[in-house]
Trainee: 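The structure follows.
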Amino acid sequence: MNTFEKTFSVLAILFEICLISFFLLWPQYQRLPLLLPAGFIGLLVNTGLIFFIFRDIFIRTFTTPHAKIFWVVTILLFWPTSLIYLMKHGFQKR
């Protein structure tokens with residue numbers, strides 16, 4: 001990943017943590033006029049994050065032949081696996 005992708009990934013993760021924390025700590029703001037735009041922004045941020053992660057998976061060369069398939073399947077089935085991928089491979093040089 002280049003510097004922009006790494007920065008975007010970190011900011012996207014921080015955004016999601018802040019968004020979830022905000023709505024859990026202040027439940028009075030859990031109203032439709034605020035949830036819809038916040039959810040849409042979260043959708044856009046997560047789409048960008050997943051795009052950068054999958055792009056990195058398909059560009060990167062792994063030591064085992066089935067590692068790409070493993071990471072794609074695990075990220076599609078269980079989204080928090082993308083955090084593990086970022087720590088293990090995403091922030092390392094290709």
Side-chain angles (χ1 to χ4, degrees):
M1 294 183 122
N2 61 29
T3 307
F4 173 74
E5 293 170 344
K6 290 177 186 176
T7 305
F8 184 86
S9 299
V10 170
L11 291 176
I13 293 167
L14 290 175
F15 173 78
E16 294 302 324
I17 290 170
C18 291
L19 184 68
I20 291 169
S21 300
F22 175 78
F23 284 118
L24 288 177
L25 292 174
W26 293 287
Q28 67 267 22
Y29 293 112
Q30 294 177 2
R31 303 283 183 246
L32 199 57
L34 188 59
L35 283 173
L36 283 177
F40 182 69
I41 292 169
L43 175 76
L44 292 177
V45 169
N46 277 329
T47 303
L49 177 64
I50 293 297
F51 171 77
F52 287 139
I53 290 174
F54 283 149
R55 181 178 173 274
D56 186 67
I57 289 173
F58 289 118
I59 291 174
R60 184 175 300 275
T61 55
F62 292 96
T63 56
T64 59
H66 299 292
K68 287 183 183 188
I69 296 169
F70 170 77
W71 282 113
V72 168
V73 169
T74 55
I75 289 172
L76 286 175
L77 292 177
F78 189 62
W79 181 85
T81 310
S82 62
L83 301 175
I84 296 169
Y85 175 80
L86 284 174
M87 289 185 289
K88 191 170 183 178
H89 299 289
F91 293 137
Q92 307 297 326
K93 290 190 174 194
R94 289 188 193 124

Trainee: Starting at OH of Y85, measure out to CD1 of I75 and round the result to the nearest 0.5 Å.
Mentor: 7.0 Å
Trainee: Given side chains that start at C-beta, do those of T64 and F70 come closer than 4.5 Å, heavy atoms only?
Mentor: no
Trainee: Show me the side-chain donor-acceptor pairs of residues 29-44 shorter than 3.5 Å, one per line, residues at least two apart or across chains.
Mentor:
| unit_1 | atom_1 | unit_2 | atom_2 | d |
| --- | --- | --- | --- | --- |
| Q30 | NE2 | F23 | O | 2.5 |

Trainee: Roughly how far, to the nearest 0.5 Å, is CG of L86 from OG1 of T81?
Mentor: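 If we round to the nearest 0.5 Å, T81:OG1 and L86:CG are 11.0 Å apart.
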Trainee: First locate atom CD of Q92, then atom CG of D56, and finally report the distance between them rounded to the nearest 0.5 Å.
Mentor: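 It comes to 10.5 Å.
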Trainee: Donor-acceptor pairs under 3.5 Å, side chain of residues 4-22 to any protein atom, not counting sequence neighbours: which ones?
Mentor:
| unit_1 | atom_1 | unit_2 | atom_2 | d |
| --- | --- | --- | --- | --- |
| E5 | OE1 | N2 | N | 3.2 |
| E5 | OE2 | R55 | NH1 | 2.5 |
| T7 | OG1 | T3 | O | 2.8 |
| S9 | OG | E5 | O | 2.8 |
| S21 | OG | I17 | O | 2.7 |

Trainee: Tell me, do L49 and V45 make a side-chain contact under 4.5 Å, heavy atoms counted?
Mentor: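 Not touching, per the 4.5 Å side-chain cut-off.
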Trainee: Compare every heavy atom of K93 with every heavy atom of R60, then report the nearest pair and how far apart it is.
Mentor: NH1-O, 3.3 Å
Trainee: Distance from I50 atom CD1 to W79 atom CH2, nearest 0.5 Å?
Mentor: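 Answer rounded to 0.5 Å: 6.5 Å.
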Trainee: Under the side chain to side chain contact (heavy atoms under 4.5 Å, CB included) criterion, do K88 and W71 qualify, and how do the steps go?
Mentor: CA-CA 11 Å; K88 191 170 183 178; W71 282 113; 4.2 Å; yes
Trainee: When clusters are formed by joining ILVMFWY residues with side-chain heavy atoms under 4.5 Å apart, either directly or through shared neighbours, do L83 and I53 land in the same one?
Mentor: yes
Trainee: Nearest 0.5 Å please: distance from the CZ atom of F78 over to the CD1 atom of I84.
Mentor: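 Rounded to the nearest 0.5 Å, the CZ-CD1 separation comes to 7.5 Å.
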Trainee: Near F51 CZ, under 6.0 Å, is it more than 12 heavy atoms from other residues, nucleotides or ligands?
Mentor: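 Not more than 12 within 6.0 Å, no.
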Trainee: Find out if a path of hydrophobic residues (ILVMFWY) with successive side-chain heavy-atom gaps under 4.5 Å connects M1 to I59.
Mentor: no
